[in-house]
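Read through the structure below, which is laid out as C-alpha cells, and then see the notes.
Just follow the structure's listing: the first ligand is 1, and inside any ligand the first atom is 1.
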Amino acid sequence: MSETEPQPKAGAQPLGVNSGGYRGERIDIGSVLGELHAEAVNRSWSSEVFYTSDRFDLRAYRCGGVQALFRLYISAGIHGDEPAGPLACLRLVRETNWPETLEVFLCPCLNPAGFDLNTRENAHGIDLNRDYQDLKTAEIRAHAAWLDRCPDFDQSVILHEDWEARGFYLYELESEGRTSIAREIIRNVAAVCPIEPSAEIDGWPAVNGVIHPRVRPEDRSDWPEALFLSARQGGQGHTLEAPSDFALAVRVDALVAGTLAVVEHLRNHPVSNRL
Ligand SMILES: [Zn+2]
C-alpha cells in the first residue's frame, strides 16, 4: 500500500453484534423522514409523492436547476435493515453546500415498511432491489415510472450497507467519457471509516474497496436500481456500501463522506457530457 492509499481510521472498530443478519441500532423511519421533509422544505427543495398506499408514501425531492449543468440523483433506504442511508440523506440535505451547477434529485427511503420490520425486504418479503426489470411490486413500478419521468441523470449515488463487510466499499458503473471517481470517494471515506480490505467482495474482484462489476443489463433479469439507471439513463453510477457492524454514526459519516466526494468532483467538473 503506498502512502497515498487511504488508511483505515483509527478508533472505528467493528462491534461484533451482527450474526446471520443486521443486529445493530434501529431508527424510527417516520420521524427521520419527517425531519428530512422539514429541512428540505426549509431549504426550498420541491417534493413529490410518487407512490401512496394505506401504509406509507414514497417521496422524491429536488433542488437547484436554474444554473444546473449536471444532474445528480441520490437514493437510499431500499433495504429496511440499512438505517445509515436515510440518516445520511438527512445530513446531506441539512449540511451540504450544493454547487449552483448541480440539480439534485433525492429519494431518501424506498422501503419504509422494511424499516418498521427491520428487514431487507418489503412487508411481502420481496427484495425491492431485485425488482427493477420485472416490476412486480407496486412501489418499484411507481419508482421506475418516476425515474422515467425525470430528465436523465449524469450521476447517481445509491446508499447501502452490508452487515457482513469489514469496511466500506463501493461499486462503480462507469459511463463513456467520464473518468473514474472511485479513488476520490475512497479517500474521503477512509478519513472516517475503515475500507474493506478483501480482494473479493460479494463474488467480485475488488481493489482497495472498489468493485467495477462487469455486468450488462441484458445478462441479468433481477435488476437492482443501479442497473435500471445504467440501462435507461446511461450515467455514471456509484453504489456505496457502509459496513453495518460499525457504530451507526460511523456508517452515516462514511455515506455522507462518499457522497460529498462525488459532489466535490461535480463542483470541479461541472459540464455534462449531454450538453
Ligand atoms: Zn442494501
Side-chain angles (χ1 to χ4, degrees), residues 14 17-27 29 32-33 56 58 73-92 106-134 136-137 139-140 143-144 147 156-173 185 189 193 195-196 198 201-204 206 209-211 213 215 220 222-230 237-248 250-259 262:
V17 297
N18 288 350
S19 168
Y22 178 61
R23 301 287 178 264
E25 251 182 274
R26 296 176 60 173
I27 54 171
I29 193 65
V32 170
L33 293 177
F56 60 88
L58 297 180
Y73 167 67
I74 301 168
S75 92
I78 200 168
H79 291 142
D81 56 354
E82 301 178 7
L87 288 174
C89 291
L90 172 57
R91 285 259 313 271
L92 287 163
L106 171 70
C107 291
C109 183
L110 293 167
N111 183 13
F115 280 89
D116 291 340
L117 300 165
N118 194 33
T119 57
R120 175 180 175 91
E121 296 82 9
N122 73 356
H124 304 290
I126 297 172
D127 184 341
L128 298 175
N129 204 33
R130 297 291 178 270
D131 193 33
Y132 279 86
Q133 186 170 54
D134 293 346
K136 293 189 298 279
T137 59
E139 57 266 54
I140 297 307
H143 184 229
L147 287 170
S156 58
V157 180
I158 301 180
L159 307 180
H160 280 263
E161 297 191 56
D162 181 340
W163 66 268
E164 292 174 295
R166 291 180 292 156
F168 173 92
Y169 64 92
L170 65 87
Y171 296 88
E172 182 173 67
L173 285 173
I185 298 173
V189 173
C193 176
I195 303 303
E196 170 65 50
S198 305
I201 305 171
D202 236 2
W204 297 101
V210 177
I211 302 167
V215 57
R220 265 182 85 162
D222 59 343
W223 284 6
E225 182 185 11
L227 210 51
F228 177 90
L229 287 164
S230 168
H238 292 89
T239 298
L240 310 187
E241 298 274 358
S244 53
D245 199 24
F246 287 75
L248 185 53
V250 171
R251 289 129 60 190
V252 174
D253 281 350
L255 295 179
V256 169
T259 307
V262 175

Quiz item: Taking atom types as modelled and ignoring hydrogens, do the side chains of E164 and N18 form a donor-acceptor contact shorter than 3.5 angstrom?
Solution: no

Quiz prompt | Any donor-acceptor N/O pair, S230 side chain to A226 backbone, under 3.5 Å | solution = no

For residues 75-87, tabulate all N or O donor-acceptor pairs below 3.5 Å that involve a side-chain atom, not counting sequence neighbours.
from: S75; atom 1: OG; to: E225; atom 2: OE1; distance (Å): 2.8
from: S75; atom 1: OG; to: E225; atom 2: OE2; distance (Å): 2.9
from: H79; atom 1: ND1; to: E82; atom 2: OE2; distance (Å): 3.2
from: H79; atom 1: ND1; to: H160; atom 2: ND1; distance (Å): 3.3
from: H79; atom 1: NE2; to: D127; atom 2: OD1; distance (Å): 2.9
from: E82; atom 1: OE1; to: H160; atom 2: ND1; distance (Å): 3.2
from: E82; atom 1: OE1; to: E161; atom 2: N; distance (Å): 2.9

Quiz prompt | Heavy-atom donor-acceptor pair, E196 side chain to R166 backbone, under 3.5 Å | solution = yes

Quiz item: Is a side-chain N or O of D131 found less than 3.5 angstrom from the main chain of K136, in a donor-acceptor match?
Solution: yes

Quiz item: Between R23 and D245, does at least one N-O distance fall below 4.0 Å, as a salt bridge requires?
Solution: no

Exercise. Sort by chain and number the protein N/O/S atoms that are closer than 2.8 Å to the Zn ion (ligand 1), and list them.
Key: H79 ND1, E82 OE1, E82 OE2, H160 ND1

